[in-house]
Undergrad: 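Let me begin by handing over the structure; questions about it come next.
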Amino acid sequence: MEIVLKEKIKEAVKIIYNSEVKDDLIQIQETRKDFKGDFTLVVFPLLRFSKNTPEKTGETIGQYLKDNFTAVSGFNVIKGFLNLEISDAWWVEYFKKIAAEKTHLENCKVSHPETILVEYSSPNTNKPLHLGHIRNNLLGFSLYRILSGCGHRVIKTNIVNDRGIHICKSMLAWQKFGNGETPESSGMKGDHLVGKYYVLFEKNYKEQVEKLIQNGIDATEAKNSATLMKETREMLLKWETGDEEIVSLWKMMNSWVYVGFDETYKKLGVDFDKIYYESDTYKVGKDIVLRALKEKILYRNEDNSVWADLTPDGLDQKLLLRSDGTAVYMTQDLGTAVDRYKEFNFDKNIYVVGNEQNYHFQVLKALLKRIGYNWADGLIHFSYGMVELPEGRMKSREGTIVDADDLIKEMQLTAMEVSLELGKLSDFSDEEKEDIFRKIGMGALKYYILKVDPRKNMTFNPAESIDFNGNTGPFIQYTYTRIKSVFRKAEHLGINTGQISFSGTKTGPKEIELIKLLRKFSETVSAAATSYSPALIANYCYDLSREYNQFYHDFSILGEAEEEIRNFRMVLSKVTSEIIYTGMWLLGIEMPERM
RNA sequence: GGUUCCGUAGCUCAGUUGGAUAGAGCAACAGCCUUCUAAGCUGUGGGUCGCGCGUUCGAGCCGCGCCGGAAUCACCA
């Protein structure tokens with residue numbers, strides 16, 4: 001509509017003022033709720049052509065549009081704003097098109113689909129997933145749904161940081177203090193068990209360091225020379241040389257972790273098309289580094305460590321191989337990127353990684369380009385903000401880490417309590433109830449996290465828990481189930497709910513408001529795809545739900561005596577439910593049929 | 001100190017390429033269930049958009065300078 005209006009306005013200016021107008025001078029926006037009208041033309045930029053007051057110019061153009069464009073049924077001018085009223089008939093015609101859509105994502109399809117890798121989750125195998133990972137997983141998965149919804153070929157990948165010094169820490173602690181404990185023997189989830197040994201390592205290591213410092217040794221020196229650290233480094237070296245005992249220990253402990261992760265992923269409803277393991281890719285990275293070293297792109301330090309000098313790019317020196325020859329994080333990320341490009345020839349490779357690693361990705365990109373990989377332009381760091389607690393950042397030392405499994409469980413329990421209190425599900429089987437509690441609890445959690453602009457840090461208050469009223473997932477789910485309920489009743493009454501025909505000649509302002517909002521769905525999804533922001537869709541779903549709830553409250557649907565009006569309201573409700581469903585689907589949020 | 005990001009109601013957050021009187025929810029208070037689900041709807045109060053200057057017909061949004069906060073600048077990942 002805006003496009004057509006623009007053309008008409010250009011035409012108007014040409015005929016009335018005999019001037020050609022550039023597109024960007026014609027600013028059309030939706031009319032604010034406080035004024036009468038649907039679209040508003042900002043006339044200030046056109047004064048140079050009219051050489052007249054804003055009011056007079058608005059009047060003149062408005063009159064022209066009303067006379068020459070049937071969709072415009074009226075207008076008013078306030079200050080420099082020309083408010084155009086669009087006829088109900090036009091809106092209804094528009095709505096008919098939306099109602100006929102098969103998926104509601106048709107208009108979002110891009111003209112040139114790309115191959116896009118989305119890397120998300122990226123856990124370390126030394127501890128279980130926490131709240132930060134939840135944000136990561138939800139963002140990554142939603143991004144996948146949104147981009148593929150827009151027609152891109154999207155590959156979900158995960159890089160598992162399954163090697164490195166931190167992994168050796170939990171291995172060493174288990175070797176020393178574990179007494180052969182396994183997930184079976186302890187009844188602990190595998191990732192939590194391994195995490196327990198990581199914590200144990202840190203505790204003992206800290207004690208050693210403190211003892212050394214008390215004996216008068218300098219702090220950095222103490223950290224380096226503590227027996228546990230020395231042993232860990234030896235272990236890493238052994239691991240890199242393929243020591244059988246270490247490798248089999250590593251395999252065993254990692255396998256425990258994977259079982260645990262899979263369980264959490266399943267509960268979160270996320271999955272992957274291809275999983276990379278750092279233990280595979282770090283070698284590729286090492287080769288790349290050594291080759292680049294030969295080509296003098298990198299340099300070797302006196303102590304045998306290998307570095308890149310990125311000062312010409314405005315960055316620093318970056319270590320790529322330690323003096324003992326082992327690889328660091330950056331080394332393997334080089335390998336992973338190259339591997340992926342070889343395999344998928346991607347247009348974009350999106351890394352869903354926290355903003356604490358902004359520098360890392362700047363370096364990664366610069367480094368790849370330096371080595372000669374021009375496709376590195378397609379690397380995108382989708383940098384999201386940290387999740388903080390009311391008292392600040394989560395700290396393992398202070399035991400304030402919010403565990404993913406615990407949180408999920410808690411959300412579902414809360415959903416259960418609230419549901420039981422409201423007592424609307426008494427005629428359901430336990431199994432069905434469980435399913436509904438799960439959907440509501442996860443819906444609340446997911447929405448809570450996804451509604452926030454991903455780039456921003458967000459605060460999570462576990463004490464207040466997550467609300468189920470207002471701008472929340474359950475509110476949107478509730479709206480959806482209300483519509484479902486209407487249709488159940490309609491069927492019960494023997495009203496045909498399949499093909500509902502309507503002409504829409506009798507519509508009220510509330511219905512038109514809803515149509516306007518429904519119309520904005522595809523542009524919202526497109527915006528979410530280009531700006532990588534599921535939050536746009538979340539907030540849209542909320543706006544739509546709120547608008548529908550008002551409509552639902554003010555008007556009876558099935559109780560409407562006039563069939564013409566009733567049918568129109570039914571279709572309006574149906575399309576609303578479809579769009580809410582689709583929007584929430586893009587966020588990875590499941591919808592219950594009743595709640 | 002360098003770089004990057006963030007400062008909007010008591011709290012959590014929205015706010016399109018700069019447009020009209022800055023919006024929601026939570027919390028507080030006051031109403032609305034004989035009806036398709038009250039996890040809802042309606043109303044009231046609540047703001048120096050961190051501060052200042054500049055660009056502009058017009059700035060929460062753009063530029064510069066401060067103030068406050070976060071991240072990062074590891075032979076950690």
Side-chain angles (χ1 to χ4, degrees), chain A residues 24 27 29-35 40 42 44-45 47 54 78-81 83 122 124 126 161 164-167 224 233 278 301 303 305-307 314-316 318-324 326 328-330 332-333 354-360 362-363 383 385-386 388 390 392-393 415 418-419 421-422 424 440 444 448 451-453 455-461 464 467-472 474-479 481-490 492-493 523-524 527 531 535-536 538-539 542-543 545-546 549-550 552-560 569-570 573 594-595:
Chain A
D24 55 349
Q27 295 173 24
Q29 54 194 271
E30 281 163 53
T31 304
R32 291 178 58 108
K33 282 248 167 84
D34 334 325
F35 301 97
T40 295
V42 184
F44 292 111
L47 301 183
I78 297 169
K79 294 186 186 172
F81 299 90
N83 300 321
S122 344
N124 294 337
N126 61 340
N161 296 98
I165 198 103
H166 55 297
I167 309 298
N224 272 316
R233 275 200 297 264
E278 190 181 313
N301 218 341
D303 64 0
S305 55
V306 177
W307 295 77
L315 303 167
D316 278 323
K318 181 69 198 174
L319 174 90
L320 293 171
L321 291 178
R322 296 192 185 93
S323 45
D324 62 5
T326 55
V328 293
Y329 180 51
M330 183 61 73
Q332 69 84 22
D333 247 359
N355 61 16
E356 55 192 351
Q357 293 193 33
N358 286 351
Y359 183 73
H360 173 81
Q362 247 180 297
V363 172
S383 165
M386 301 287 96
E388 287 167 0
R393 230 184 148 178
V418 174
S419 293
E421 201 175 311
L422 293 169
K424 296 180 186 175
I440 297 172
Y448 183 87
K451 76 172 175 183
V452 181
D453 183 341
R455 294 173 302 117
K456 290 186 178 172
N457 287 2
M458 62 176 288
T459 309
F460 178 86
N461 192 334
E464 285 178 12
D467 230 299
F468 287 65
N469 303 314
N471 187 357
T472 67
F475 170 85
I476 297 166
Q477 290 172 323
Y478 178 70
T479 310
T481 57
R482 275 182 142 181
I483 299 173
K484 287 286 154 181
S485 185
V486 171
F487 276 80
R488 272 194 302 273
K489 171 138 188 196
H492 187 70
L493 295 174
E523 64 183 80
T524 304
S531 64
L536 297 179
N539 285 305
Y542 172 65
D543 287 341
S545 297
R546 206 156 46 94
N549 271 317
Q550 287 168 11
Y552 179 95
H553 179 266
D554 294 348
F555 300 96
S556 182
I557 299 162
L558 300 177
E560 171 57 49
R569 290 181 184 164
M570 281 177 75
S573 301
R594 275 188 55 175
M595 64 188 274

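In what follows, every heavy atom counts, from backbone to side chain, and hydrogens, waters and symmetry copies are set aside. Below, chains carry the letters A, B, ... as their sequence lines are ordered, and counting in each starts from 1.
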Undergrad: Would you mind classifying the nucleic acid contact of T472(A) as base, sugar-phosphate or nothing, using non-hydrogen atoms under 4.0 angstrom?
TA: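 It contacts nothing in the nucleic acid.
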Undergrad: Could you tell me which nucleotide pairs with C64(B) by Watson-Crick or G-U wobble geometry, both distances under 3.5 Å, or answer none if nothing does?
TA: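 When the pairing criteria are applied, G52(B) turns out to be the nucleotide that pairs with C64(B).
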Undergrad: Does U21(B) have a Watson-Crick or wobble partner in any strand here, with both distances under 3.5 angstrom, and which is it?
TA: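 Base partner found: none.
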Undergrad: Compare side-chain N and O positions of K79(A) against OP1 and OP2 of U21(B) and report whether any pair is under 4.0 Å apart.
TA: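 Answer is yes, contact under 4.0 Å.
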Undergrad: Please evaluate the base of A27(B) for a donor-acceptor partner in the side chain of N469(A) within a cut-off of under 3.5 Å?
TA: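 Answer no: no donor N or O sits under 3.5 Å from an acceptor.
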Undergrad: How do A535(A) and Q357(A) order along RNA chain B: which one's closest nucleotide is nearer the 5' end?
TA: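 Result of the comparison: A535(A).
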Undergrad: Return the nucleotide paired to C29(B): Watson-Crick means purine N1 to pyrimidine N3 with N6-O4 or O6-N4, wobble means G-U with N1-O2 and O6-N3, both under 3.5 Å.
TA: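 Checking every strand shown, C29(B) finds its partner in G43(B), with both distances under 3.5 Å.
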Undergrad: Take atom CZ of R455(A) and atom P of C5(B), then tell me their distance rounded to the nearest Å.
TA: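 Interatomic distance, CZ of R455(A) to P of C5(B): 10 Å.
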Undergrad: Please classify the nucleic acid contact of Y359(A) as base, sugar-phosphate, or nothing, using heavy-atom distances under 4.0 Å.
TA: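 Touches sugar-phosphate only.
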Undergrad: Classify the glycosidic conformation of C33(B) as syn or anti, calling it syn when the angle lies within 90° of 0.
TA: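 Chi for C33(B) falls in the syn range.
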Undergrad: Look at all strands and tell whether S323(A) reaches a base, only sugar-phosphate, or nothing, counting heavy atoms closer than 4.0 Å.
TA: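 Result for S323(A) = base.
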Undergrad: Do the side chain of S122(A) and the base of A77(B) come within less than 3.5 angstrom through a donor-acceptor pair of N or O atoms?
TA: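 Checked by distance alone, the answer is no.
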Undergrad: With both distances under 3.5 angstrom, what nucleotide forms a Watson-Crick or G-U wobble pair with A70(B)?
TA: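 When the pairing criteria are applied, U4(B) turns out to be the nucleotide that pairs with A70(B).
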